[in-house]
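The structure under discussion appears below in the form of structure tokens.
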Protein chains: 2
Amino acid sequence: MPQASLQGRVPEMADPDPHAECRAFGQVLDRIGDKWTIMVVGALSHGPMRFNALMRLIGGVSHRMLTLTLRGLERDGLLRRTAYPTIPPKVEYELTEMGHSLIQPLEALSAWGQQNRSAIEASRREYDQG
Amino acid sequence: MPQASLQGRVPEMADPDPHAECRAFGQVLDRIGDKWTIMVVGALSHGPMRFNALMRLIGGVSHRMLTLTLRGLERDGLLRRTAYPTIPPKVEYELTEMGHSLIQPLEALSAWGQQNRSAIEASRREYDQG
DNA sequence: CCGTATCCGATAGGATACTG
DNA sequence: CAGTATCCTATCGGATACGG
């Protein structure tokens with residue numbers, strides 16, 4: 001989903017863009033907000049890896065979804081795919097420069113999650129029984 | 001989706017947790033990775049707002065989804081809901097302390113998006129025609 | 001070993017109509 | 001104005017089987 005037209009954006013609205021930031025973030029989410037992308041990025045953050053190694057490390061991901069996730073990242077230039085035409089085939093995946101640059105902001109959010117996890121869980125329990 | 005069992009986690013794996021970070025991030029994504037949550041957080045980042053004001057500001061969100069999104073954020077303690085029993089009713093939403101604390105990391109990711117948007121688009125075009 | 005195609009169930013989310 | 005309920009669709013993602 002393109003997140004294209006935030007608000008009804010009619011011509012007579014002079015306001016240049018009341019929340020460009022939200023849109024930018026929406027686009028990042030469109031990229032990383034699926035079930036496996038950030039797992040893959042995380043798994044590759046320490047170096048290149050082969051398909052099945054990724055699959056084992058991440059765990060729980062289906063063959064199909066891992067392929068799709070890798071293709072998506074490759075298409076966006078966050079990932080480089082190198083196939084060695086040996087038998088059996090060997091394919092390595094590694095983050096590009098841009099891919100690596102995503103790790104820092106990701107870790108900021110991850111830290112937030114770790115810091116607030118218990119508070120969130122507590123809030124949920126209270127809300128659910130209250 | 002609980003993101004619960006990252007990797008098959010068999011007992012004999014001594015490794016305490018090879019990617020706790022990814023899991024933490026996965027949980028954040030489960031919370032904010034939907035279509036509207038971060039729009040709401042962004043909209044509320046500058047102060048409290050009423051239901052229909054939010055709806056107009058965000059734009060494109062259905063009545064139903066805005067309600068669900070607000071409930072979810074409230075349940076997790078990121079949002080406070082205050083209903084004034086007047087006629088007609090008036091309900092205000094505002095971020096809690098914890099809700100505000102999410103904004104900084106969000107902005108980091110948003111900045112990443114703005115910085116890399118054109119590179120990603122270029123990469124996509126190349127990938128698609130190549 | 002790596003990748004693709006097909007099938008199918010689950011769910012997210014929009015439209016709409018109705019209540020206090 | 002704010003919220004709920006119902007319906008319906010598109011998409012996501014898992015299982016499986018097959019090809020290179």
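Throughout, protein chains are lettered first and strands after them, A, B, ... in sequence-line order, and every chain is numbered starting at 1.
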Whole-Å distance between [N] [atom2] and [X] [atom1]?
{"X": "B:E74", "N": "D:dG3", "atom1": "CD", "atom2": "C1'", "value": "13 Å"}
{"X": "B:E92", "N": "D:dA2", "atom1": "CD", "atom2": "P", "value": "9 Å"}
{"X": "B:L66", "N": "C:dA12", "atom1": "CG", "atom2": "P", "value": "17 Å"}
{"X": "A:M49", "N": "C:dC2", "atom1": "CE", "atom2": "P", "value": "13 Å"}
{"X": "B:L70", "N": "D:dT4", "atom1": "CG", "atom2": "P", "value": "11 Å"}
{"X": "A:F51", "N": "D:dG20", "atom1": "CZ", "atom2": "P", "value": "18 Å"}
{"X": "A:I58", "N": "D:dG14", "atom1": "CD1", "atom2": "C1'", "value": "16 Å"}

## Note on the structure
The complete set of ring-ring contact (aromatic ring centres under 6.0 Å, His included) pairs with one or both residues in residues 103-125 of chain B, sequence neighbours excluded, reads none
### Message
Using only atom types and a distance under 3.5 Å, with no angle test, would you say the side chain of A:S101 pairs donor to acceptor with the backbone of A:M98?
### Response
yes
### Task
Look at the side chain of B:S45 and the backbone N and O of B:G42, then say whether any donor-acceptor pair between them is shorter than 3.5 Å.
yes
### Message
Does atom CD (A:Q104) have a neighbourhood of more than 12 heavy atoms from anything else shown, all under 6.0 Å?
### Response
no
### Message
Counting neighbours of CD on B:E126 that are heavy atoms of other residues, nucleotides or ligands and sit closer than 6.0 Å, is the number greater than 12?
### Response
no
## Note on the structure
In short, the helix from C:dC1-D:dG20 to C:dG20-D:dC1 is bent end to end, axes from five pairs each side, to 10°, by 30°
### Task
Tell me which residues in residues 123-130 of chain A put a heavy atom below 4.0 Å from DNA chain C, sorted by number, or none.
none
### Query
In residues 76-86 of chain B, what residues come within less than 4.0 Å of DNA chain C, judged by heavy atoms?
none
Can you sort out the partners of [X] under side-chain hydrogen bond (donor to acceptor under 3.5 Å, both in side chains), two or more places apart, ordered by chain and number?
{"X": "A:T37", "value": "A:D34"}
{"X": "A:E121", "value": "A:R117"}
{"X": "A:R71", "value": "none"}
{"X": "A:R80", "value": "none"}

### Task
Heavy atoms only: give me the nearest A:P105-B:L109 pair and the separation to one decimal.
CB-CD1, 3.3 Å
### Message
Can you work out whether B:L68 or A:P88 has the more 5'-proximal nearest nucleotide on DNA chain C?
### Response
A:P88
#### Entry: side-chain hydrogen bond (donor to acceptor under 3.5 Å, both in side chains) contacts in which one or both residues fall within residues 61-70 of chain A, not counting sequence neighbours
none
### Message
Measuring to OP1 and OP2 of D:dA2, would you say a side-chain N or O of B:R50 lies under 4.0 angstrom away?
### Response
yes
### Message
Check this one for me: any side-chain N or O of B:Y93 less than 4.0 Å away from OP1 or OP2 of D:dG3?
### Response
yes
### Task
With rounding to the nearest 0.5 Å, note down the distance linking CG in A:L73 to CZ in A:R31.
4.5 Å
### Query
From D:dT4, C:dG13, D:dA2, pick the nucleotide closest to the side chain of B:D34?
C:dG13
### Task
For residues 38-50 of chain B, pull every pair meeting salt bridge (charged side-chain N to carboxylate O under 4.0 Å, His left out), keeping only residues two or more places apart or in separate chains.
none
### Partner residues of A:P89 under the side-chain contact (heavy atoms from CB on, under 4.5 Å) criterion, sequence neighbours left out
none
### Query
How does each nucleotide of nucleotides 14-20 of chain C score, in 5' to 3' order, for protein heavy atoms under 4.0 Å: base (B), sugar-phosphate only (S), or none (-)?
BB----B
